[in-house]
**Student:** 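This is the structure I want to talk about, given as structure tokens.
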Amino acid sequence: MPTSRTAPRRILLGVVGAAAAIALTACGGVKTTSSGGGDGDYPTGNIEFSVGASAGGSTDLITRALAQGIGKELGVSTPVLNKPGANGALNAKELQSAKADGYKIAVQNASLFTITPLTVSAAEATKIDSFDVITGISRDDYVMATSTQSGFKSIDDLKKAGKTIRYGTTGVGTGAQLASALTFKSAGVEATAVPFDGGAPNLTALLGNQVDVSTMQIGEAIENIKGGKLVPLAVFSQERIPYLPDVKTAKEQGYDVLVTQYRFLTAPKGTPENVKTKLLDAAKKTFATPEYKKFNEENSLTPMEVSPQEVLTSLQNDSTTFKAQLDKFGINLAG
């Protein structure tokens, strides 16, 4: 695979961040007035993008790439603010309380609405009906991998290991945790979860043989898979992933586990229709650019540029399916 496809995320962050900085400081035709309702046609000032995660992860990189494109299309500055905490819930809570005028928006993760509610009380759960969905963006698939020293090549090999499998995940209430737990229960494998705070420490633990296997997003693992340091055991998509075409899905191996992370652009509930239309149009134009398409490819992202209703339908279906599966196997993600 060409080098561009496997560029380290930290390098890509620098590229995207530098480009964003240039875009935000350039004078040519870019408005730099402060945000606010204001009079006149939207937008009349900066559009703030907030991220419920630290810099460098998938959601952050996607937000910066999209913000850069939307800012260029609308002729305004689009600063990105990182507000990590509670798997995106803290940022979501702040966004839903913001003025519904289109000047504060955010890319959000499906797991916050489909998986996290299964680990917290109903009162603590973040609800999608607190937001207006502007558009779907992309899908980030999961892969279960192991070190080359383990000798494992498939899920069935884990069944034959004759020991309790220690598996790393990217955190409690994440797709990585759910995919792993469902797989081991389905396969009848004795396993113990070792949650980490994000993809980087999870990957480090796997490479250091601190855990037997780990599940993470493909973009976090693919460089080491291509470099021969990790062995992929399964992906959790409906069909094989173009970025790892030789890796079987869990379903192909006899386990009905379908878990993906997907993201969508949101605004506070009640945002005016004309504002949402302008944001959607700018997003669509961004999606169509060669630069954004290259960004998806470099980060192993599958476009999911669908309508708000399709996003909502996917969220509802996944929520129902995941709850039923957890109930069936008696799995408690909260531990």
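Nothing here was measured: the structure is a model prediction, and the numbers come from that model.
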**Student:** Can you see whether E310 engages S307 through a side-chain donor-acceptor pair at a distance of less than 3.5 angstrom?
**Tutor:**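 On atom types as modelled, these side chains qualify, holding a pair under 3.5 Å.
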**Student:** Is the shortest distance from a Lys or Arg side-chain nitrogen in E291 or K294 to a carboxylate oxygen in the other one below 4.0 Å?
**Tutor:**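 K294 and E291: not salt-bridged.
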**Student:** Any idea which heavy atoms bring Y292 and E305 closest together, and the distance?
**Tutor:**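 Smallest heavy-atom distance, with atoms named: CE2-OE2, 4.3 Å.
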**Student:** So for atom NZ, which belongs to K323, do other residues, nucleotides or ligands contribute more than 12 heavy atoms lying within a distance under 6.0 Å?
**Tutor:**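 Open: at most 12 neighbouring heavy atoms sit under 6.0 Å from NZ of K323.
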**Student:** Could you check whether T59 and R263, counting side-chain N and O atoms only, form a donor-acceptor pair closer than 3.5 Å?
**Tutor:**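 Their side chains do contain a donor-acceptor pair, which is all the 3.5 Å distance test asks for.
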**Student:** Check P308 against I134 and note the closest heavy-atom contact, atom names and distance.
**Tutor:**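 For P308 and I134, the tightest heavy-atom pair comes out as CG-O, 3.4 Å.
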**Student:** Just wondering, more than 12 heavy atoms not from E252 lying within 6.0 Å of its CD?
**Tutor:**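 Enclosed: over 12 neighbouring heavy atoms sit under 6.0 Å from CD of E252.
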**Student:** Does atom NZ of K127 have more than 12 heavy-atom neighbours from other groups under 6.0 Å away?
**Tutor:**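 Counting neighbours around NZ of K127, more than 12 heavy atoms of other residues, nucleotides or ligands fall under 6.0 Å, so yes.
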**Student:** Go through it in stages, so that I can follow the logic: the residues are Y262 and D318, the test is side-chain hydrogen bond (donor to acceptor under 3.5 Å, both in side chains), and I'd like the CA-CA distance, side-chain angles, deciding distance and then a yes or no.
**Tutor:** CA-CA 11 Å; Y262 49 97; D318 286 347; 2.8 Å; yes
**Student:** Is it the case that more than 12 heavy atoms not belonging to K72 sit under 6.0 Å from its NZ atom?
**Tutor:**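 Count not over threshold, so no.
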**Student:** For K285, is there an ion pair with D281 - N to carboxylate O distance below 4.0 angstrom?
**Tutor:**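 Salt bridge between D281 and K285, a charged N being under 4.0 Å from a carboxylate O: yes.
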**Student:** In plain terms, say whether D129 and K269 are close enough for a salt bridge, that is, a side-chain N and a carboxylate O under 4.0 Å apart.
**Tutor:**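 No, this pair does not count.
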**Student:** Locate the shortest heavy-atom distance separating A145 from L206; write the atom from each residue and the value.
**Tutor:**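 Residues A145 and L206, closest heavy atoms: O-CD2, 3.6 Å.
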**Student:** Do Q316 and S319 have a side chain donor and acceptor closer than 3.5 Å?
**Tutor:**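 Side-chain D/A pair, Q316 to S319: absent.
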**Student:** Taking the basic N atoms (NZ, or NE/NH1/NH2) and the acidic carboxylate oxygens, is any pair closer than 4.0 Å for D141 and R139?
**Tutor:**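 Salt bridge flag = yes for R139 with D141.
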**Student:** Quick test of your reading of the model: are R240 and D246 salt-bridged, counting only N-O distances below 4.0 Å?
**Tutor:**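 No salt bridge links R240 with D246.
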**Student:** What are the two closest heavy atoms between N296 and P303, and how far apart are they?
**Tutor:**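 Distance-wise, the nearest heavy atoms are ND2-CG, 3.9 Å.
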**Student:** Atom NZ of K153 and atom CG of L233: how far apart are they, to the nearest 0.5 Å?
**Tutor:**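 Rounded to the nearest 0.5 Å, the NZ-CG separation comes to 9.5 Å.
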**Student:** Linking directly or through intermediates, with side-chain heavy atoms under 4.5 Å: list the remaining ILVMFWY members grouped with L90, chain and number order.
**Tutor:**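 So far as hydrophobic clustering goes, L90 is joined with none.
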**Student:** For side-chain hydrogen bond (donor to acceptor under 3.5 Å, both in side chains), just list the numbers for T260 and D140, CA-CA rounded to whole Å, side-chain angles, deciding distance to a tenth of an Å, and then say yes or no.
**Tutor:** CA-CA 6 Å; T260 65; D140 206 352; over 6 Å; no
**Student:** Under 3.5 Å, is there a donor-acceptor pair between the side chain of D60 and the main chain of G57?
**Tutor:**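 It does not hold such a pair.
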**Student:** Cut-off 3.5 Å, side chains only: do N202 and T170 have a donor facing an acceptor?
**Tutor:**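 Side-chain D/A pair, N202 to T170: absent.
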**Student:** Please list all pairs passing the salt bridge (charged side-chain N to carboxylate O under 4.0 Å, His left out) test where one or both residues lie in residues 87-98, with sequence neighbours left out.
**Tutor:**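 Listed once each, the pairs are K83-E94.
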**Student:** Please say yes or no: joined through hydrophobic side-chain contacts below 4.5 Å, possibly via intermediate residues, are M304 and V143 part of one cluster?
**Tutor:**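 They do not share one cluster, since no chain of ILVMFWY contacts under 4.5 Å joins M304 to V143.
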**Student:** Please check if the side chain of Q261 supplies one atom and the backbone of A110 the other of a donor-acceptor pair under 3.5 Å.
**Tutor:**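 Between the backbone of A110 and the side chain of Q261 there is a qualifying donor-acceptor contact (under 3.5 Å).
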**Student:** Should T164 and E190 be marked as a side-chain hydrogen bond (donor to acceptor under 3.5 Å, both in side chains) after you check the CA-CA gap, both sets of side-chain angles, and the distance that decides it?
**Tutor:** CA-CA 5 Å; T164 298; E190 290 293 328; 5.1 Å; no
**Student:** Which heavy atom of Y42 sits nearest a heavy atom of D101, and at what distance?
**Tutor:**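 That closest heavy-atom pairing would be CE1-O, 3.6 Å.
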**Student:** When you compare the side chains of N82 and S54, does any donor N or O come within less than 3.5 Å of an acceptor on the partner?
**Tutor:**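 The criterion, which ignores hydrogens and geometry beyond distance, is not satisfied for S54 and N82.
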**Student:** Evaluate the side-chain contact (heavy atoms from CB on, under 4.5 Å) criterion for residues T135 and K284: first the C-alpha distance (whole Å), next the side-chain angles of each, then the deciding distance (0.1 Å), finally the verdict.
**Tutor:** CA-CA 9 Å; T135 180; K284 285 182 175 179; 5.8 Å; no
**Student:** Going by the rule side-chain contact (heavy atoms from CB on, under 4.5 Å), which residues pair with A89 if we only count those two or more places apart in sequence or in a different chain?
**Tutor:**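 With neighbours one apart ignored, the set is A86, L112, T126.
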**Student:** Show the numbers, then the answer: is there a side-chain hydrogen bond (donor to acceptor under 3.5 Å, both in side chains) between Y243 and N299?
**Tutor:** CA-CA 10 Å; Y243 303 110; N299 285 273; over 6 Å; no
**Student:** What pairs meet the ring-ring contact (aromatic ring centres under 6.0 Å, His included) rule with one or both residues in residues 68-102, with sequence neighbours excluded?
**Tutor:**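 Qualifying pairs: none.
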**Student:** Shortest non-hydrogen contact from Y103 to N46?
**Tutor:**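 Closest heavy-atom pair between Y103 and N46: CD2-O, 3.1 Å.
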**Student:** Can any side-chain N or O of T174 pair as donor or acceptor with the backbone N or O of G171 at less than 3.5 Å?
**Tutor:**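 The answer is yes, because a donor-acceptor pair under 3.5 Å joins these two groups.
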**Student:** Apply the test side-chain contact (heavy atoms from CB on, under 4.5 Å) to residues F131 and T271: give CA-CA distance (whole Å), side-chain angles for both, the deciding distance (0.1 Å), then the verdict.
**Tutor:** CA-CA 9 Å; F131 307 93; T271 299; over 6 Å; no
**Student:** If a pair satisfies ring-ring contact (aromatic ring centres under 6.0 Å, His included) and one of its residues is in residues 201-233, list it, with sequence neighbours excluded.
**Tutor:**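 Not a single pair qualifies under ring-ring contact (aromatic ring centres under 6.0 Å, His included).
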**Student:** Taking only residues at least two apart or on different chains, which pairs with a member in residues 172-192 satisfy ring-ring contact (aromatic ring centres under 6.0 Å, His included)?
**Tutor:**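 Counting only pairs at least two positions apart or across chains, the ring-ring contact (aromatic ring centres under 6.0 Å, His included) contacts touching residues 172-192 are Y167-F184.
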